[in-house]
Amino acid sequence: MQAKKTLASRLLLNAFIIALGLGMLYPILWLIGASFKPSNMIFTDAGIWPKVFTAQNYREGWKGIGIVGFDTFFKNSFIICLLSAFANAVFCSLTAYAFARLKFVGKKFWFAVMMVTLMLPSHVTTIPRYIMFRNFGWINTFLPIIIPKFFATDAFFIFLLVQFIRGLPRDIDESALIDGCSKFGIYTRIILPLTVPALITTLLFSFLWTWDDFFNQLLYLTSPNRYTVPMGLRLFLDSSGMSSWGPMFAMSVLSLIPAFTLFFSLQKYFVRGIATTGIKG
Amino acid sequence: MLDLHRKKIWKENLGSYAFLIPWLVGFLGLTLYPMLYSLYLSFTKFNIRTPPEWIGLRNYLVMFVGTDSLPKDERFLNSVMVTVKFVFISVPLKLVFALAVAMLMNKKLKLIGLYRALYYIPTLLGGSVAIAVLWRRLFAGDGLLNMILGSVFGMQNLPAWISNPKYSLYTLILLAVWQFGSPMIIFLAGLQQIPREYYEASSVDGAGRVRQFFAITLPSLSPIIFFNFVMQMISAFQSFTQAFIVSGGSGGPLDSTMFYSLYLYIKGFGFSEMGYAAAMAWVLLIIIAGLTALSFKVSGNLVSYGSGE
C-alpha cells in the first residue's frame with residue numbers, strides 16, 4: 001500500500017515537473033518549429049510541429065542583408081569569442097596564481113581592489129574607454145572588445161580561479177620550489193594542469209558572455225562586414241518588414257546553437273561557474 | 001648581511017609582481033583612469049568632436065532639479081522610475097520562483113539531472129538578441145500569446161502587449177523572471193547543505209512541511225537569499241540588451257521601457273552628450289553602491305549565519 005502511494009506520487013511529481021518545464025520552454029520550441037514553417041503560416045499556427053516543412057527560411061536568412069551574409073557574422077563572432085576566451089583563461093589565471101599563491105607587499109590591498117572592480121557597473125568606464133579606443137583608431141575593429149581581455153579585466157574569472165587554486169594542496173608547489181623550480185615553472189607545470197576544470201569553466205563562460213555582449217558590439221562595430229551574429233540579427237530586425245520573420249527566426253535558432261552545444265557537452269563546468277558567484281543572469 | 005636580505009625581499013616582490021603586471025596595467029589603464037576621467041567629464045559639456053567645456057554641477061542639477069535656464073530632465077527621472085520598478089518587481093519574483101523550483105529540483109528522482117538542465121535553458125539563452133527578438137513576437141498584437149488566448153480560450157480584443165505602455169515593462173519583467181536558473185542552482189547547492197537531521201528531528205516533534213519551511217529551510221538559506229538578492233539587483237540595474245531590442249532601441253512606447261542604461265546610451269551615443277552620460281554613469285554607481293550598503297545593513301537583522309560561526 002505504502003509502495004503504491006509513493007509510486008503514484010512519484011509519477012505525479014515527474015509529470016508536474018515535465019509539464020511546468022514544457023510550459024516554460026514552449027516559446028523556444030515554438031521558435032524552432034516556426035523557423036521551419038512557410039512564412040504565411042508562422043503567425044497563424046500556435047503549434048510547435050510545422051504542418052508543412054521548409055528549409056527556405058534558412059536558405060534565405062543565411063544570405064543576410066545586402067552583400068553581407070550570416071557566414072560573415074558567424075565568422076566574426078567566432079573570432080571575437082575564441083580570442084576573448086583564450087585571453088581570459090591565460091591572463092586571469094596568471095593573476096589568480098599571484099593572488100592565491102605568491103607573497104608580495106600590498107597583496108591584501110590589490111586583492112580588495114580586484115574584488116571592488118567585480119561589483120563595479122561597467123558604465124563608469126564606458127565613455128572614457130570609447131574615447132580612448134577612438135583615439136587609437138580602433139572603432140569598427142574587434143580590438144576594443146578583445147584587447148581588454150588581455151589585461152584580465154574580467155575580475156569574475158580571477159575570483160573563480162583564485163578560489164579554485166586556493167583549494168589545491170600547497171605541498172606540491174612548495175616541494176617544487178625547494179627543488180629549485182621557478183615561479184613561472186610552478187605556474188605552467190603544476191598550477192595550470194591542476195586548474196584545468198576551472199579553466200574550462202572560464203573558457204566556457206567567456207565565450208558565451210562575449211557571444212551575447214551586445215552592448216560593446218553595438219558601440220564599436222559600425223559596418224556590416226564587421227558585424228557579429230547578434231548585430232546581424234538586429235540589422236535584420238530593423239531593415240525588414242513582416243515578410244522576413246521566417247528567415248529572422250531561422251537565423252535566431254542558429255545563433256543559439258553554440259550556447260546549446262556547449263551547455264550540453266560541458267554541463268558540470270557550468271554548475272561550478274554559477275555556484276562560485278551568481279553574478280550573471 | 002642586511003643589504004643582502006633586503007635584496008632578496010626585493011627580488012621576491014619583483015618576481016611576484018611580474019605575474020600581476022597584465023592585471024595591474026589593465027586596472028590602471030582600463031578601469032581606474034577611465035573612472036577618474038569619466039568623473040571629470042561629468043562636470044563638463046562634451047560632444048567628442050570639440051574639447052570638454054567645464055560647466056560645474058550643471059549635468060547633475062539638470063538630472064534632479066533643473067537650473068535657471070534649463071528645465072529638469074523628466075526623461076531621466078522617468079528612466080530611474082522605470083528601472084527601479086523593473087528591479088524591485090523582477091528580482092523578488094525571480095528569487096521566489098528560483099527557490100520554489102530549487103526545492104522541486106532537490107527531490108530524489110531518476111531524471112533529476114535532465115530536469116535541472118532543462119530548467120536552466122531559459123537562463124542559458126535568455127540574454128541573447130535572438131530571444132529578445134522572439135519576445136517581441138510573442139507579445140505582439142498578432143503574436144503567439146494572443147494567438148493562444150484567442151484560439152484556445154476564445155478571448156477577444158486583446159492588447160498588443162509590447163506596444164502598449166501599460167504592459168510593455170511587464171513583458172520585460174517576465175523575461176527577466178524567466179531566467180531564474182542561476183539563483184536556482186545556488187539555492188539548490190544551499191538546500192543540499194542543510195543537515196537532514198534538522199528535518200527528521202522536527203518531524204518527530206510533529207512539525208508539518210510548512211512549519212519546517214519557515215523554521216528550518218528559510219533561516220538556513222538566509223545568507224544565500226541575501227547573496228542572490230544583492231547580485232541580481234546589481235545586474236538588473238544594468239539591464240540593456242533586452243529593452244533595446246524589444247523597444248527597437250527607443251525605450252518606447254512612451255519611454256515605458258526606458259531603462260537607465262538605455263537612456264545613458266541614447267544620451268551619450270545618440271545625442272553625443274557625453275558629459276551628461278558620464279554624470280549618469282556616476283549616479284548609477286552611487287545608486288548601486290548605496291542600495292548594496294543598505295541591503296547589508298538591513299540584512300544584519302534578517303540573515304542568520306548559524307550559531308557555530
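These numbers come from a predicted model, not from an experiment. Order of the sequence lines fixes the chain letters, A, B, ..., with proteins taken first and strands second; residue numbering starts at 1 for each chain.
The residue among A:Phe150, A:Phe215, A:Phe16, A:Trp211 with the most heavy atom pairs within less than 4.5 Å of chain B is A:Phe215. Most heavy-atom pairs under 4.5 Å with chain A: of the set B:Tyr37, B:Tyr40, B:Phe244, B:Phe27, this distinction falls to B:Phe244. Looking only at heavy-atom pairs under 4.5 Å with chain A, the residue among B:Leu188, B:Ile48, B:Leu138 that has the most is B:Ile48. Note: A:Thr125 leads A:Ile42, A:Thr117, A:Thr125 in heavy-atom pairs under 4.5 Å with chain B. Between chain B and the residues A:Asn14, A:Leu233, A:Thr44, A:Thr153, the most heavy-atom pairs under 4.5 angstrom are made by A:Asn14. Heavy-atom pairs under 4.5 Å with chain B were tallied for A:Met251, A:Met231, A:His123; the largest tally goes to A:His123. Heavy-atom pairs under 4.5 Å with chain A peak, among B:Leu111, B:Leu104, B:Ile234, at B:Leu104. For the options A:Arg134, A:Met132, A:Gln267, heavy-atom pairs under 4.5 Å to chain B are most numerous at A:Arg134. Contact tally against chain B (heavy-atom pairs below 4.5 Å) for A:Ser252, A:Cys92, A:Ser255: the top residue is A:Ser252. For the options B:Ser261, B:Gly113, B:Ala278, heavy-atom pairs under 4.5 Å to chain A are most numerous at B:Ser261.
Interface remark: B:Ser42 contributes no atoms to any contact with chain A (heavy atom separation under 4.5 Å). For chain A, no part of B:Phe237 is nearby; none of its heavy atoms comes within less than 4.5 Å. Heavy atoms closer than 4.5 Å to chain A are found in both the backbone and the side chain of B:Trp23. B:Leu30 touches chain A through backbone and side chain together, each having a heavy atom under 4.5 Å away. Heavy-atom distances place the side chain of B:Phe240, and not its backbone, under 4.5 Å from chain A. Heavy atoms closer than 4.5 Å to chain A are found in the side chain of B:Met105, but not in its backbone. Contact annotation for B:Arg136: only side-chain heavy atoms (C-beta onward) come within less than 4.5 Å of a heavy atom of chain A. Contact annotation for B:Ile245: both backbone and side-chain heavy atoms come within less than 4.5 Å of a heavy atom of chain A. The contact between B:Lys107 and chain A is made entirely by side chain atoms (from C-beta outward), counting heavy-atom distances below 4.5 Å. For B:Leu24, the part sitting under 4.5 Å from any heavy atom of chain A is the side chain, from C-beta outward, and nothing else.
Atoms CD1 and CH2, on B:Ile148 and A:Trp30 in that order, are 9.0 Å from each other to the nearest 0.5 Å. Atom CH2 of B:Trp135 and atom CG of A:Leu31 lie 11.5 Å apart (nearest 0.5 Å). The distance from the CZ atom of A:Arg129 to the OH atom of B:Tyr33 is 12.5 Å, given to the nearest 0.5 Å. To the nearest 0.5 Å, the span separating CG on A:Leu102 from CG on B:Leu20 amounts to 9.0 Å. Once rounded to the nearest 0.5 Å, the distance linking CG of B:Leu134 with CD1 of A:Ile28 reads 7.5 Å. A:Arg10 contributes atom CZ, which lies 10.0 Å from atom NZ of B:Lys108 (distance to the nearest 0.5 angstrom).
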Give the C-alpha distance, both sets of side-chain angles, the deciding distance and a yes or no for side chain to side chain contact (heavy atoms under 4.5 Å, CB included) between B:Phe19 and A:Phe184.
CA-CA 9 Å; B:Phe19 286 85; A:Phe184 192 73; 4.0 Å; yes

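Between B:Tyr115 and A:Leu20 there is no side-chain heavy-atom pair separated by less than 4.5 Å. The closest side-chain heavy-atom distance from A:Ile18 to B:Leu118 is not below 4.5 Å. You'll find the side chain of B:Phe46 reaches within 4.5 Å of the side chain of A:Ile131, heavy atoms only.
Judged by distance alone, the side chain of B:Tyr265 and the main-chain N or O of A:Leu219 form no donor-acceptor pair under 3.5 Å.
In plain terms, the two heavy atoms of B:Ala117 and A:Phe264 that are nearest each other are CB-CE2, 4.0 Å. Nearest heavy atoms, B:Trp178 versus A:Met24: NE1-O, 2.9 Å.
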